[in-house]
Protein chains: 2
Amino acid sequence: MSPHTPAADRTPVTGRTADDDTRQPGMADVARLAGVSAQTVSRALAGHPHVRQSTRAKVLAAVEELGYRRNNAARMLSSGRSRTIGVVTLRTTFYSRANLLFGIEAAAREAGYAVSTATSASLDTAAIEDALSRLAEQDVEGVVLSVPLVHVSPGIERLTRSVPTVTVDGSRTAATEIVAVDQTLAARLATRHLIELGHETVWHVAGPREWLDAAGRRTGWRDTLEEAGRSVPPVLEGDWTPASGYRNGLVLGRIPDVTAVFVASDEMAFGVIRALHETGRRVPRDISVVGVDDIALAEYCSPSLTTVAQPFAEMGALAVARLLRHIADPDAAPEPASVEPVLVVRASTAPVEGPAQGPAKRRS
Amino acid sequence: MSPHTPAADRTPVTGRTADDDTRQPGMADVARLAGVSAQTVSRALAGHPHVRQSTRAKVLAAVEELGYRRNNAARMLSSGRSRTIGVVTLRTTFYSRANLLFGIEAAAREAGYAVSTATSASLDTAAIEDALSRLAEQDVEGVVLSVPLVHVSPGIERLTRSVPTVTVDGSRTAATEIVAVDQTLAARLATRHLIELGHETVWHVAGPREWLDAAGRRTGWRDTLEEAGRSVPPVLEGDWTPASGYRNGLVLGRIPDVTAVFVASDEMAFGVIRALHETGRRVPRDISVVGVDDIALAEYCSPSLTTVAQPFAEMGALAVARLLRHIADPDAAPEPASVEPVLVVRASTAPVEGPAQGPAKRRS
DNA sequence: CCGACCCTTGGCATCGATAACATACTCGAC
DNA sequence: GTCGAGTATGTTATCGATGCCAAGGGTCGG
């Protein structure tokens with residue numbers, strides 16, 4: 001027939017039972033049936049204001065009758081908008097990231113945006129950069145970078161400059177808005193809680209330095225101790241895995257005067273607790289432990305875990321809102337937003353034992 | 001200028017620093033610079049066979065120089081292919097689903113497909129149907145339905161008929177291929193393990209009936225017991241949450257002759273164990289517990305959990321492979337595939353205590 | 001030395017919808 | 001009654017790349 005038939009007999013996604021052999025109806029077909037122009041159909045479907053109610057109704061009826069669906073590719077080509085945002089996240093299933101992804105997804109869908117994901121297996125800047133550029137090639141209108149990077153490579157910098165980007169719990173890059181849980185606060189809540197229970201000082205099992213949230217918790221913990229005039233024990237380094245918590249727990253168990261530990265994630269906290277048990281220290285009788293995340297299991301391991309919960313859904317929604325605003329008005333001043341974590345007290349923390357302690361030595 | 005300027009000054013995703021104010025280069029620009037026709041550029045970039053090596057090189061050089069990127073929308077419109085697949089999954093962060101999502105994502109990216117996700121907050125068929133149709137409207141070429149539905153609604157049925165679909169761990173729908181972990185086997189492995197340790201019978205805390213994997217585990221467990229000639233205790237119903245495990249654990253703790261429990265997920269297993277402890281039963285001394293999933297924490301709670309691991313990455317890859325094959329050749333016969341789970345023995349299971357037991361009463 | 005055939009490349013129409021511009025029309029106010 | 005402001009709809013050009021067809025140029029066999 002025509003010199004170019006591709007779209008004629010391919011079978012794009014149909015909503016109909018596809019029992020009739022008619023080709024996919026186009027906007028022109030709808031227009032004909034409704035007795036208006038294609039343009040009007042377009043307007044009616046786009047919710048354009050200047051369309052008479054009766055006309056809109058006719059159009060919608062025709063759409064319904066034909067089972068018409070607008071062709072995305074054509075729309076995109078003509079309007080230059082893809083109505084898609086991308087999310088870069090880590091494939092490592094640490095509870096928090098996965099949850100955040102769902103929060104973002106939900107919010108974006110709600111706003112009428114499709115979500116395309118690109119995951120990276122590691123925090124390595126090259127991998128992240130790769131994920132980001134894969135998204136860029138898909139013409140996403142914006143990207144949520146859900147990657148707790150402390151440092152950004154020039155490549156990432158360049159990419160984030162060319163696509164509206166919101167960073168979640170990561171470093172600010174040049175053209176980027178940032179949404180984050182106030183990790184410093186999370187650490188303060190945990191640390192203060194332990195101090196108030198009468199513990200002389202609080203040890204810390206931290207996350208890797210490359211993770212920004214880990215860094216925030218580290219400083220929040222240190223600052224709180226210093227402000228309270230307590231000594232700051234050396235930091236123990238973990239890598240988020242329960243195994244690393246376990247290793248550090250074995251160390252802590254051997255240090256006699258350890259009575260309180262703030263662990264940078266629940267998963268590591270479980271490892272720590274296990275190790276403490278194995279070294280004969282009881283939690284919370286001998287040592288109190290606080291985690292971060294409030295994973296589902298936190299309440300059901302024994303002892304149930306005192307932890308700092310992070311509002312992931314809220315964060316996802318906030319990130320998407322920021323991103324859409326930025327897309328709509330690229331000149332709007334980027335204003336960092338942060339949401340507050342909440343301390344959830346359970347059974348892994350308890351007041352210090354013995355008479356010698358009490359709220360004695362407080363300075364400030 | 002022209003009556004239609006939209007794409008001229010919008011700023012689609014650029015790879016370049018965007019310092020010059022030139023509009024996005026088009027294929028025509030590349031063609032001009034390379035001294036060939038646009039058509040040839042298209043062919044060169046598409047890896048078409050009949051293009052002279054030297055020409056291809058010229059084209060690539062021009063592409064490089066201009067920082068050209070093919071416009072996806074145009075490509076899609078003209079070719080009718082979106083190079084995107086959709087994934088429908090659950091927002092509930094049960095470890096297994098999230099992991100599966102990552103597996104699928106990785107495999108699809110590898111194959112050069114973009115991945116668009118649509119999550120549903122519940123297993124409710126209406127919600128799933130909605131997610132599925134949102135994807136369909138995006139012109140995805142295929143869908144991975146990562147939803148353990150037992151029953152499918154007519155709407156879902158219809159949709160899966162119009163878009164190539166692969167179901168992961170869910171029911172077969174008319175036009176659908178299916179990839180699944182052999183959940184029956186998972187249950188058999190767990191149950192057999194407990195029997196071999198000398199337990200007279202094995203109790204079961206199951207997942208909700210609407211979940212196909214829960215159903216599979218249920219029958220696998222029952223069949224194994226029956227084949228071994230053991231009595232089959234009543235099933236305890238859970239909903240995957242640690243809380244439901246806890247509730248059921250409290251019940252189990254009150255039944256004197258319970259010595260072994262197969263729990264349908266690790267998270268519930270943790271709840272069960274906690275409850276058992278609270279009712280004064282020791283694990284594994286008094287009661288052995290086996291979970292399913294092998295979540296990261298399984299190894300680090302005390303006692304570390306014996307569980308059945310599922311190969312999620314492998315499943316994701318398999319699902320994507322099947323889907324792409326189906327897209328390429330819609331007539332290929334759908335052949336269900338299943339991958340095998342693996343028993344991981346840790347410290348929550350132990351041989352039955354006391355002399356009275358032993359491998360005495362075995363029948364078959 | 002010529003025709004058949006393959007490798008390369010160009011021309012043209014086309015995918016389906018939208019933005020800008022233009023036109024007809026409605027309604028209230030002077 | 002007529003003019004102006006705004007409303008409702010049609011017309012046209014266009015987005016950017018691809019598929020089909022055909023043409024130019026070379027090779028190989030007879």
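Proteins come first, then strands; the chains are lettered A, B, ... in the order of their sequence lines, and each starts at number 1.
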Next on the checklist: Determine whether I156(A) and I128(A) satisfy the following criterion, side chain to side chain contact (heavy atoms under 4.5 Å, CB included), listing intermediate values before the conclusion.
Outcome noted: CA-CA 8 Å; I156(A) 293 178; I128(A) 304 290; 3.9 Å; yes
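- Taking atom CG on N71(B) and atom C1' on dG16(D), their separation rounds to 6 Å, with Å as the unit.
- Atom pair L45(B):CG and dG16(D):P shows a separation of 16 Å (rounding to whole Å applied).
- Remark: R81(B) is not in phosphate contact with dT18(D), judged by side-chain N or O atoms under 4.0 Å from OP1 or OP2.
- In this structure, V36(B) and K58(B) approach most closely via the heavy-atom pair CG1-NZ, 4.5 Å.
- A donor-acceptor contact under 3.5 angstrom links the side chains of S153(A) and E129(A), judged on distance only.
- Of the charged side-chain nitrogens involved, none lies within less than 4.0 Å of a carboxylate oxygen, so that R70(A) and E137(B) do not count as a salt-bridged pair.
- Protein atom CG of L77(B) is 11 Å distant from nucleotide atom P of dT18(D), rounded to whole Å.
- Side-chain atoms of D139(A) and T84(A), non-hydrogen and from C-beta on, never get closer than 4.5 Å to each other.
- In this structure, R83(B) satisfies the cation-pi test against Y113(B), with its NZ or CZ atom closer than 6.0 Å to the six-membered ring centre and inside 45 degrees of the ring normal.
- Side-chain nitrogen and oxygen atoms of S42(B) include at least one within less than 4.0 Å of the OP1 or OP2 phosphate oxygen of dT18(D).
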For nucleotides 7-11 of chain D, which of its nitrogen or oxygen atoms have a protein nitrogen or oxygen under 3.5 Å away, and what is each distance?
residue: dA8(D); atom: OP2; partner: H50(A); partner atom: ND1; Å: 3.4
residue: dT9(D); atom: OP1; partner: T55(A); partner atom: OG1; Å: 2.5
residue: dT9(D); atom: OP2; partner: R52(A); partner atom: N; Å: 3.0
residue: dT9(D); atom: OP2; partner: T55(A); partner atom: OG1; Å: 3.3
residue: dG10(D); atom: OP2; partner: S37(A); partner atom: N; Å: 2.7
residue: dG10(D); atom: OP2; partner: S37(A); partner atom: OG; Å: 2.9
residue: dG10(D); atom: OP2; partner: T40(A); partner atom: OG1; Å: 2.6
residue: dG10(D); atom: N7; partner: R43(A); partner atom: NH2; Å: 2.9
residue: dG10(D); atom: O6; partner: R43(A); partner atom: NH1; Å: 3.4

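- Taking atom CG of N72(B) as the reference point, atom C1' of dC15(C) lies 15 Å away to the nearest angstrom.
- The phosphate of dA17(D) (OP1 or OP2) has no side-chain N or O of R70(B) nearer than 4.0 angstrom.
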